[in-house]
Protein chains: 2
Amino acid sequence: MVDDEPDILEFLRYNLVKEGYNVLTASNGEEGIKIAVAEVPNLIILDIMMPKMDGVEVCRQLRNRPEFDRTVITFLTAREEDYSQIAALDVGGDDYITKPIRPRVFLSRVKALLRRSERAEVIEEPDVINVAGLIIDKERVTVTKDEEVIELAKKEFELLHLLVSKPGKVFSREEIFNKVWGTDVIVGNRTIDVHIRKLREKIGEHYIKTIKGIGYKFEF
Amino acid sequence: MVDDEPDILEFLRYNLVKEGYNVLTASNGEEGIKIAVAEVPNLIILDIMMPKMDGVEVCRQLRNRPEFDRTVITFLTAREEDYSQIAALDVGGDDYITKPIRPRVFLSRVKALLRRSERAEVIEEPDVINVAGLIIDKERVTVTKDEEVIELAKKEFELLHLLVSKPGKVFSREEIFNKVWGTDVIVGNRTIDVHIRKLREKIGEHYIKTIKGIGYKFEF
DNA sequence: AGATGAGTTAACATATTCTTAATGTTGGGC
DNA sequence: GCCCAACATTAAGAATATGTTAACTCATCT
């Protein structure tokens with residue numbers, strides 16, 4: 001959420017946090033872009049009227065990056081300046097919310113927008129994930145890299161699929177065991193390492209990163 | 001509610017019970033801690049002036065336990081000894097109420113504090129904290145500064161995360177040990193310094209400030 | 001039955017993180 | 001301005017987590 005007025009930012013953040021949302025705020029366009037790029041949020045709320053870089057410009061710059069292709073972006077705008085609506089939607093905005101803001105209305109609007117973004121993600125889920133030059137095909141249980149088809153064993157694939165499902169997130173060993181092996185199977189504690197090894201052998205060394213003492217993550 | 005004077009205890013209890021609150025009382029610090037640990041109340045009221053273990057000390061000991069992280073703690077203090085206020089809030093107190101106590105004022109104060117604690121419970125800790133140009137991401141276990149991703153070791157991250165969880169608050173060494181290392185591990189007293197050093201090396205020198213004789217704090 | 005390959009284990013190697021200890025530096029009371 | 005306790009710094013090595021390899025089990029296929 002990007003707005004240059006601290007009061008509005010704080011007011012909206014309070015309401016969102018109360019509902020359980022995880023909110024990141026920035027008070028100007030540049031900072032907003034920096035945070036957005038670092039975190040790739042599900043929903044971006046931009047005030048249109050801001051000094052230096054306005055919300056429309058922020059939106060345009062974000063939309064130029066492929067990772068914000070499907071991110072829902074909405075604007076905050078004063079009722080009067082309805083001309084801005086056009087520019088805002090032109091530039092790739094999904095919605096706009098007019099000030100003055102009524103908390104209940106605002107929250108239900110946010111909820112609706114996030115539902116939309118979730119749906120978009122769910123729809124895109126189909127069996128093939130394409131990240132960082134890897135095409136991960138759930139149906140064929142294969143990974144394609146540089147036109148080359150790599151066959152993975154079931155456990156290897158499941159492990160990779162889990163890590164890739166949230167790129168950047170660190171999965172703890174416990175979490176991996178629970179999600180790939182299930183809660184009832186008990187295996188030795190070197191098992192994951194061996195699978196990680198085989199995965200790295202097959203897809204390349206630099207995709208899966210070890211965070212010592214915490215777990216593993218997939219990264220670009 | 002902990003107070004060594006039975007009359008005050010009885011007077012306040014009477015008023016609170018009349019309003020429908022469930023009150024537990026103790027007449028000294030040790031007993032207070034014992035009951036608090038057993039019951040984990042929503043609000044803790046501590047008289048500062050008590051023989052043996054005073055309220056500030058009780059607060060300090062409670063704050064060292066993770067289960068009292070978010071419990072609202074308030075003090076009772078005679079108006080004159082306002083110096084105690086400083087120590088009280090330093091040590092993790094949320095508020096202080098001055099004697100002599102006016103029942104109506106006292107009750108509205110308690111009500112306000114309990115409202116605060118309710119809110120605090122609902123708010124789950126965010127996974128991403130954005131302060132002073134640092135984006136601290138618990139899920140990815142990274143810190144981003146000026147578009148640059150900084151990798152921290154586990155302990156370093158935990159230490160930073162603790163300090164950043166309350167920017168400006170001074171964390172005593174004892175508190176840091178208890179929250180980052182846990183109460184059962186015993187390590188030498190230069191260990192924290194070394195970790196602080198490494199943190200400062202990685203994120204920059206001016207974020208973590210030493211308060212000699214007291215502890216460390218995160219500041220902008 | 002024998003071959004095959006996935007999954008697991010165990011033993012040992014390696015690497016990073018954490019801690020220690022020795023020594024240097026600071027800041028506030030006197 | 002001196003002194004001392006509290007902190008800073010550094011490098012070395014202890015502690016741990018992970019990496020690696022090879023061998024073993026077990027099901028499946030031929």
Side-chain angles (χ1 to χ4, degrees), chain A residues 140-143 149-163 170-219, chain B residues 83 86 90 141-143 149-163 170-219:
Chain A
R140 301 185 191 172
V141 194
T142 57
V143 176
V149 177
I150 302 162
E151 311 233 320
L152 298 183
K154 191 162 154 253
K155 277 261 150 42
E156 286 162 19
F157 187 84
E158 282 171 2
L159 177 52
L160 177 63
H161 192 265
L162 175 65
L163 294 178
V170 179
F171 290 84
S172 71
R173 286 163 164 271
E174 200 190 344
E175 205 173 346
I176 294 172
F177 274 130
N178 287 333
K179 298 226 170 115
V180 176
W181 274 261
T183 45
D184 35 54
V185 202
I186 297 163
V187 290
N189 61 347
R190 293 269 66 69
T191 302
I192 284 186
D193 311 37
V194 175
H195 283 272
I196 292 281
R197 168 96 296 272
K198 290 198 261 187
L199 254 180
R200 297 211 256 232
E201 245 162 37
K202 289 186 179 175
I203 67 172
E205 298 294 326
H206 60 287
Y207 292 102
I208 298 167
K209 176 146 197 199
T210 305
I211 312 298
K212 201 166 172 164
I214 305 178
Y216 295 93
K217 72 172 170 181
F218 183 89
E219 64 170 19
Chain B
Y83 62 87
I86 302 156
D90 251 9
V141 195
T142 57
V143 176
V149 176
I150 301 164
E151 316 231 312
L152 299 182
K154 194 173 161 220
K155 279 257 151 46
E156 286 161 20
F157 188 83
E158 284 171 358
L159 177 54
L160 176 63
H161 192 265
L162 175 66
L163 294 178
V170 180
F171 290 84
S172 71
R173 287 164 163 270
E174 197 189 348
E175 203 174 349
I176 293 172
F177 274 130
N178 286 327
K179 297 225 171 115
V180 176
W181 274 261
T183 44
D184 35 53
V185 203
I186 297 163
V187 290
N189 62 345
R190 293 270 66 71
T191 302
I192 284 185
D193 310 38
V194 175
H195 283 274
I196 292 280
R197 168 95 295 272
K198 290 198 268 190
L199 254 181
R200 297 210 255 230
E201 244 162 38
K202 289 188 179 175
I203 68 173
E205 298 293 328
H206 59 289
Y207 291 102
I208 298 167
K209 181 157 189 194
T210 306
I211 312 298
K212 194 165 171 158
I214 305 178
Y216 296 92
K217 72 171 174 178
F218 183 89
E219 63 170 18

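Just so we're on the same page: letters track the sequence lines, and every chain starts at 1. Treat the numbers as computed from the prediction; the structure is a model and nothing was measured.
- Residue pairs that meet the ring-ring contact (aromatic ring centres under 6.0 Å, His included) test with at least one member in residues 181-204 of chain B, sequence neighbours left out, are B:F177-B:W181, B:W181-B:H195.
- Looking at heavy-atom distances under 4.0 Å, B:K155 makes contact with sugar-phosphate atoms alone, never a base.
- Using a 4.0 Å heavy-atom cutoff across all strands shown, A:F157 reaches no nucleic acid atom at all.
- Distance B:K212 NZ to D:dC4 P: 13 Å, rounded to the nearest Å.
- Contact annotation: B:R190 does not reach the phosphate of D:dT10 (side-chain N/O to OP1 or OP2, under 4.0 Å).
- Between the axis at the start and the axis at the end of the helix from C:dA1-D:dT30 to C:dC30-D:dG1 there is an angle of 20°, using five pairs per end and rounding to 10 degrees.
- A:E151 is linked by a side chain to side chain donor-acceptor pair (under 3.5 Å) to nothing, counting only residues two or more places apart in sequence or in another chain.
- A straight line from CD1 of B:I186 to P of D:dA15 spans 15 Å, rounded to a whole angstrom.
- Applying the ring pair (Phe, Tyr, Trp, His ring centres under 6.0 Å) criterion to B:F218, with sequence neighbours excluded, gives B:Y207.
- Contacts of B:E156 classified as salt bridge (charged side-chain N to carboxylate O under 4.0 Å, His left out), with partners at least two apart in sequence or in another chain: B:K202.
- Shown here for A:F171 and A:L162, the closest heavy-atom pair between the two residues is CZ-O, 3.4 Å.
- Put simply, CD1 on A:I211 is 13 Å from C1' on D:dA17, counting in whole angstrom units.
- Heavy atoms of other residues, nucleotides or ligands lying less than 6.0 angstrom from CD of B:E201 number more than 12.
- Not counting sequence neighbours, the partners of B:R200 by the side chain to side chain donor-acceptor pair (under 3.5 Å) test are B:T210.
- For A:R173, the salt bridge (charged side-chain N to carboxylate O under 4.0 Å, His left out) partners are A:D193, not counting sequence neighbours.
- Considering only side-chain N and O atoms, B:Y216 lies under 4.0 angstrom from the phosphate OP1 or OP2 of D:dA8.
- Of the candidates A:V170, A:I176, A:L199, A:Y216 forms a side chain to side chain contact (heavy atoms under 4.5 Å, CB included) with just one, namely A:I176.
- Listed by chain and number, the residues in a salt bridge (charged side-chain N to carboxylate O under 4.0 Å, His left out) with B:K154 amount to none (sequence neighbours excluded).
- Within the nucleic acid shown, B:T210 comes within 4.0 Å of sugar-phosphate atoms alone, with no base atom in reach, counting heavy atoms only.
- Remark: B:K217 engages B:E219 in a salt bridge (charged side-chain N to carboxylate O under 4.0 Å, His left out) (not counting sequence neighbours).
- Proximity of A:L152 to A:V143: side-chain heavy atoms (C-beta onward) are separated by under 4.5 Å at one or more points.
- Here A:R173 does not reach the OP1 or OP2 of D:dA17: none of its side-chain N or O atoms lies under 4.0 Å away.
- D:dC7 atom P lies 10 Å from atom CD1 of B:I192, rounded to whole Å.
- For the pair B:I196/B:I208, a side-chain contact is recorded, criterion being any heavy-atom separation below 4.5 Å from C-beta on.
- Interface limits on DNA chain C: the 5'-most and 3'-most nucleotides within less than 4.0 Å of chain B heavy atoms are C:dT17 to C:dG27.
- Contacts with DNA chain C (heavy atom under 4.0 Å) in residues 193-203 of chain A: A:V194, A:H195, A:K198, listed by number.
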Any protein N or O atoms within reach of nucleotides 27-30 of chain D? Criterion: under 3.5 Å, listing atom names and distances.
none

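- The line from CD1 of B:I192 to NZ of B:K155 is 11.0 Å long, rounded to the nearest 0.5 Å.
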